[in-house]
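All remarks here apply to the structure that follows.
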Amino acid sequence: MKGRRNSFHFIRRKGGPLRQARRRRSFLSRALALAGILAIALGLGGYPWARAEETPQQVLVLHSYHVGFRWTDNVMQGVDSVFADWEAQDLELHVEYMDSKRHPPEVVFPKLWALYAAKYSVRTGNQPDVIITSDDNALRFILEYGILLFPDVPVVFCGVNHFQDEMLVGRDSITGVLEDFDILSTVELIHDLHPNATTLAVITDSTPTGKLNLEKFQALAPEFPEALHVLELSDMTTQELLNALEELGPDTAILNLSFFRDREGRAYSTVEGNRVITGATELPVYSCWDFYMGGTGVIGGKVVSGRQQGIEAATMALDILKGADVRDIPIMRTSPNVYIFDYPALAEAGLSVDDLPQDSVVLNRPESFYEKYKQEIYLVLAVFALMLISLVFMAMNNVQRRRAQKVLTQTVQELDTIFESSQVGIMCLQGGRSIYRVNQRLVEIFGYSGPDEMVGMSVARLHVSNEAFEEFGKTHYAALSSGRLIQVEYQAKRRDGTLFWVMVSGKAVDTSIPPDLDKGVIWVMDDITERKHAEEELARFNTQLEALVGERTEELHQRARELEEANQQLRKLDVMKSGFLSTVSHDLRTPLTSIVGFAKLINKDFSSVCQPDQLAESEERRKGLRIIENLTIIEQEAERLTRLVNDCLDLSRIEEGRQLWNDQPIQLADLVTQAMATVKVKFSKQDDLTFVQECPEELPHIVADPDRIVQVLVNLLNNAAKYSGRGEVRLVAEVRDNMIAISVSDQGKGIPKDDLETVFDKFYQVQIGDTVAEDKGSGMGLAICRQIVEHYGGRIWAESELGKGSTFNMLLPIAEARRTE
């Protein structure tokens, strides 16, 4: 946690700085703050200036949706309101919009992962100190990619609907605010505000959101006031809904839970959907979300507030920045909903603000005449009172009038000064497009001697030609006649005949619609000749750059073709290698089988005939025992070569697609038992090694070749026994996200971090320090395991820490999940 700082700056990577709180401060408070800073600086020497260079704290806000989506904008307003009032230390606010409402998360998440890695990784120096996420997709992104992108960074979420505690297992650095709409409170509010209403019409559509909202509404219906009869207007076409709304009686209130798409597939935005409803009926319409309101005719209710969600999440993030441990901040499980109402809709329904619950928020509430003009009212009353008392006050009023005239004269003089000293040219035209006033800057732009020389002449003399003068009038005076502001880049002519470019802005003096152009037009002009020349130079540079890019692109294409040819050659060589490996492996298997068999037979016959272990200590006994030992070595090495040949054949068949897969529904617990029987001898030879199995009998079935899955389990168990020597080998199986997760862990020497991925490569041997691990195998067992697991759509990987052991994990899809896919 960074220390406190003596200066404050607030930066947003998207959007402008937050300045609302600062604008509310008076000049006096700013002066006092400045005086305090100067006093500290004078009292502490150079200390504050040195600390001002410290790195500011970083806050990253991840929005699931896009700018302009009202809910997201409301959440951002809440976040802004919290951080804008905090000036305890430097802070940089980075805002990212993931746009996952308009684009599927499966498409944008991998690309966003790459983008955020480039922008916020540790090496960039922009690693955030805390992350705020809004809505479910942003939290889902953090759960999937956060460990890689933002390890150990605290996360505060908000606006999450579909939350389960299991999502945060092992993720104790995440907290936040849950979102849930309050139907029951809104229905009770409707009953209180409309005691004569006997029918509650609830509107939903066929979208997934609409169906879920209707299910929740139906589940709560038994708790509604008994006086209310529920009428469901669900999954209708637009016309059917309009007809149903027209038929509702005056004793009906309406609750809109979702109308984003009608049964014919016609889509509506939030504002459009609500306006369709409120435009078809004069009955009161309520909702459970704040973004349903604001000019739509919806009254309001106990609503989910995006702004309040943002405030709560930003407050938690602020506590973390101030030093609080995220694990000490509990999840806010009760959605911070607020009673919010739209004043115009409230007034249209004949309701008063006094009827609303305490602490209600009323939007768009107009100021009363008294509140708006309170000081003016007091002044007028005082003037009238004084006028009745004495005529003296009439004289005072005359004095005030003369003062006002003086102020007016001063104001006109100030405007004249601004007109004359303006750094842009200003020209006033009257009827017939003749000049009646110009300022000094315009005279300088066009090269005339003074304003008097230009006043009275036709503006045609400033155009390149009479044709240009006529064309300008036809093109732009029609727009001026409609009251619009004209702004255009135009080529004009100076007094000496030289042509140059100006930026021209014009508007009619008359403010009525349509304006009377005879009353005058004001034109503002600025010389942009240098800028135009720069643009032309830039265009030439772009042309040259495009030609250069084209040349480089062709070179890249040529290199790509050369790489493709090299890749084809490598593929041919790989096919030749696989064929050679398969042929050699087949040719070696028969003689190796013979060697193993004859070695065992010779060992058996020699031991039974010669029986050197029963001879007295002699040269013959030593030679006999040495022969038996050599025969045993021949047998063991031949068996190892046989396993190597079998592994080569298995790997070759899988890579060439010749492997026969005997897929069938199987129970994992049975395969674990079978695999354990295979490696039982290896475990029995190691007295200090124990095996622990956590494989429930009721695990779902998987569809696979049982022999291949047993082969994977045997390889993993053999590796664990081989590299452990002592301690415990643990096999755990469980269901995780439509997959069966299997892990085999040991307490051996461990695997170097750089080797965790390469251990699955063919012929790879783990090396610790300067030595290769003892009892090395063929180097293909784990490669075969990966081929088998990935064939069934699974995944296998290793986790390890030197000196503490290793864990090999794999995921296999359950039978139901594979059928669904």
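The chain is numbered in sequence order, starting from 1. Here the structure is a predicted model, which means the values were calculated and not measured.
Of all non-hydrogen atoms in N137 and F109, the two that sit nearest each other are O-CZ, 3.4 Å. Considering every non-hydrogen atom in both L139 and M167, the closest pair reads CD2-CE, 4.1 Å.
A donor-acceptor pair shorter than 3.5 Å can be found between the side chains of D135 and W71. No donor-acceptor contact under 3.5 angstrom links the side chains of D182 and N337, judged on distance only. For the residue pair H63 / T72, no side-chain donor-acceptor distance below 3.5 Å is found, with atom types taken as modelled. Between the side chains of S258 and D205, at least one donor-acceptor pair of N or O atoms lies under 3.5 Å. Judged purely by distance below 3.5 Å, without hydrogens or angles, the side chains of H94 and Q58 pair a donor atom with an acceptor atom. No side-chain N or O of Q558 forms a donor-acceptor pair with one of E554 less than 3.5 Å apart.
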side-chain contact (heavy atoms from CB on, under 4.5 Å), that's the test. Do V303 and F181 meet it? Break it down for me. CA-CA 7 Å; V303 302; F181 57 99; over 6 Å; no

Show the numbers, then the answer: is there a side-chain contact (heavy atoms from CB on, under 4.5 Å) between D328 and D325? CA-CA 5 Å; D328 297 332; D325 192 330; 3.4 Å; yes

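Salt-bridge check for R559 with E555: failed, with every basic side-chain N at 4.0 Å or more from each acidic carboxylate O. A salt bridge does not link E166 with R171: every distance from a Lys NZ or Arg NE/NH1/NH2 to an Asp or Glu carboxylate oxygen is 4.0 Å or more. Between R561 and E564, no side-chain nitrogen of the basic residue sits less than 4.0 Å from a carboxylate oxygen of the acidic one, so the salt-bridge criterion is not met. Salt bridge E801/K753: absent, no basic N to carboxylate O contact under 4.0 Å.
Between the R307 side chain and the V75 main chain, no donor and acceptor come within less than 3.5 Å of each other. The backbone N or O of M739 lies less than 3.5 Å from no partner atom in the side chain of D737, so there is not a single donor-acceptor pair. A side-chain donor-acceptor contact under 3.5 Å links S800 to the backbone of I751.
When the shell of 6.0 Å around CG of D152 is examined, it contains 12 or fewer heavy atoms from other residues, nucleotides or ligands.
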